[in-house]
Amino acid sequence: MTESLDSERMACWRAYIESSQRLFTQIEDDLRADSELSFADYHVLVLLSEAPGQRRRMGELAGRLVFSPSRLTYQITTMQKRGLVARQSCAEDGRGSEAVLTAAGLLALREAAPHHLRSVRAHLMDDLDDAEVACLTRVFERLGRRLRADRDASSTHSE
């Protein structure tokens, strides 16, 4: 019984990952075609726009994006050349560096957001077949049950 559950769970996650990768590629292509931003560019700009003073320490930014420090440095350098972000010493203590959103970066983000949202909606609606929708539904239902159980268990322990 456990083996069949495990194999079903693995099949669901495999289908989820494969469909997510396909959707990500299509959304990335659409976003780049509409706004010349990559998916990573877009998310860097979103995180910077949500930060106080529109700046974040590079380490915090890497953690929020699940980028390696070298990947983030490359990303920021590329965006810096395009005038979307700047890099400065940390204002608080002068140690390390921060990524700072520029006016051009904010404008690029504002222009890209509607294209990105439309692309995400279109691909989620159009590009998943019935089996993928069913698989994703099962994955999210199980995840929801697991999160509720974890929350209930943690609230029981804290009382």
Side-chain angles (χ1 to χ4, degrees), residues 12-129 132-148 150-151 154-155 158:
C12 282
W13 279 111
R14 192 173 302 112
Y16 170 73
I17 290 166
E18 288 168 0
S19 58
S20 296
Q21 287 171 333
R22 192 178 76 249
L23 288 171
F24 175 83
T25 301
Q26 292 168 337
I27 290 166
E28 168 92 13
D29 291 344
D30 289 351
L31 184 63
R32 197 180 296 273
D34 288 335
S35 66
E36 299 180 7
L37 291 179
S38 71
F39 201 63
D41 291 341
Y42 180 82
H43 285 284
V44 168
L45 294 177
V46 167
L47 285 173
L48 289 175
S49 72
E50 294 172 345
Q54 298 180 333
R55 60 179 59 229
R56 283 196 196 275
R57 286 183 181 262
M58 295 288 283
E60 181 189 3
L61 195 56
R64 286 178 176 254
L65 290 164
V66 197
F67 281 0
S68 67
S70 61
R71 170 76 171 110
L72 179 64
T73 299
Y74 172 80
Q75 187 77 32
I76 293 296
T77 301
T78 302
M79 293 174 69
Q80 194 172 3
K81 289 176 184 173
R82 294 170 52 204
L84 302 177
V85 298
R87 197 169 19 194
Q88 299 175 352
S89 294
C90 291
E92 295 171 7
D93 56 18
R95 293 185 342 202
S97 61
E98 294 176 317
V100 180
L101 184 64
T102 64
L106 187 57
L107 180 61
L109 176 61
R110 286 183 182 149
E111 290 176 351
H115 300 293
H116 175 63
L117 294 175
R118 188 169 50 249
S119 178
V120 169
R121 279 193 209 105
H123 289 302
L124 285 175
M125 297 301 290
D126 297 339
D127 292 332
L128 294 178
D129 62 29
E132 289 173 321
V133 170
C135 176
L136 291 175
T137 301
R138 285 196 309 273
V139 168
F140 288 124
E141 285 172 351
R142 286 180 179 166
L143 182 59
R145 284 195 298 271
R146 176 66 187 262
L147 291 173
R148 283 191 297 277
D150 289 349
R151 185 188 62 224
S154 67
S155 66
S158 63

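Quick caveat, the model's predicted, so the values are computed rather than measured.
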For [X] against [Y], the heavy-atom pair lying closest together:
X      : Y      : value
Ala40  : Glu28  : N-OE1, 4.4 Å
Leu106 : Ser49  : CD1-CB, 4.4 Å
Leu45  : Gly105 : CD1-O, 3.7 Å
Val85  : Leu48  : CG1-CD1, 3.5 Å
Ala108 : Leu37  : O-CD1, 3.9 Å
Ile76  : Ala99  : CD1-CB, 3.9 Å

Distance in Å, [X] [atom1] paired with [Y] [atom2], rounded so as to fall on 0.5 Å steps:
X      : Y     : atom1 : atom2 : result
Leu117 : Ile27 : CG    : CD1   : 10.0 Å
Leu61  : Leu72 : CG    : CG    : 5.0 Å
Leu101 : Arg56 : CG    : CZ    : 11.0 Å
Asp29  : Gln26 : CG    : CD    : 8.0 Å

Quick one: are [X] and [Y] in side-chain contact, heavy atoms under 4.5 Å?
X     : Y      : result
Asp30 : Arg118 : no
Ser97 : Met58  : yes
Arg87 : Thr77  : yes

Got more than 12 heavy atoms from elsewhere within 6.0 Å of [atom1], [X]?
X      : atom1 : result
Glu36  : CD    : no
Tyr74  : OH    : no
Arg110 : CZ    : no

Partners meeting side chain to side chain donor-acceptor pair (under 3.5 Å) with Ser38 (sequence neighbours left out): Asp41
Pairing residues for Gln54 by the side chain to side chain donor-acceptor pair (under 3.5 Å) criterion, not counting sequence neighbours: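 Partners of Gln54 by the side chain to side chain donor-acceptor pair (under 3.5 Å) criterion come out as none, since no residue qualifies.
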Backbone N/O of Gly83 and side chain of Thr102: donor-acceptor pair under 3.5 Å: yes
Ser119 (side chain) donor-acceptor with His115 (main chain) under 3.5 angstrom: no
His116: partners by ring pair (Phe, Tyr, Trp, His ring centres under 6.0 Å), with sequence neighbours left out: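 His116: ring pair (Phe, Tyr, Trp, His ring centres under 6.0 Å) contacts with Phe39, Tyr42, His43.
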Glu18/Arg14 salt bridge by N-O under 4.0 Å criterion: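 A salt bridge is absent here (no side-chain N lies under 4.0 Å from a carboxylate O).
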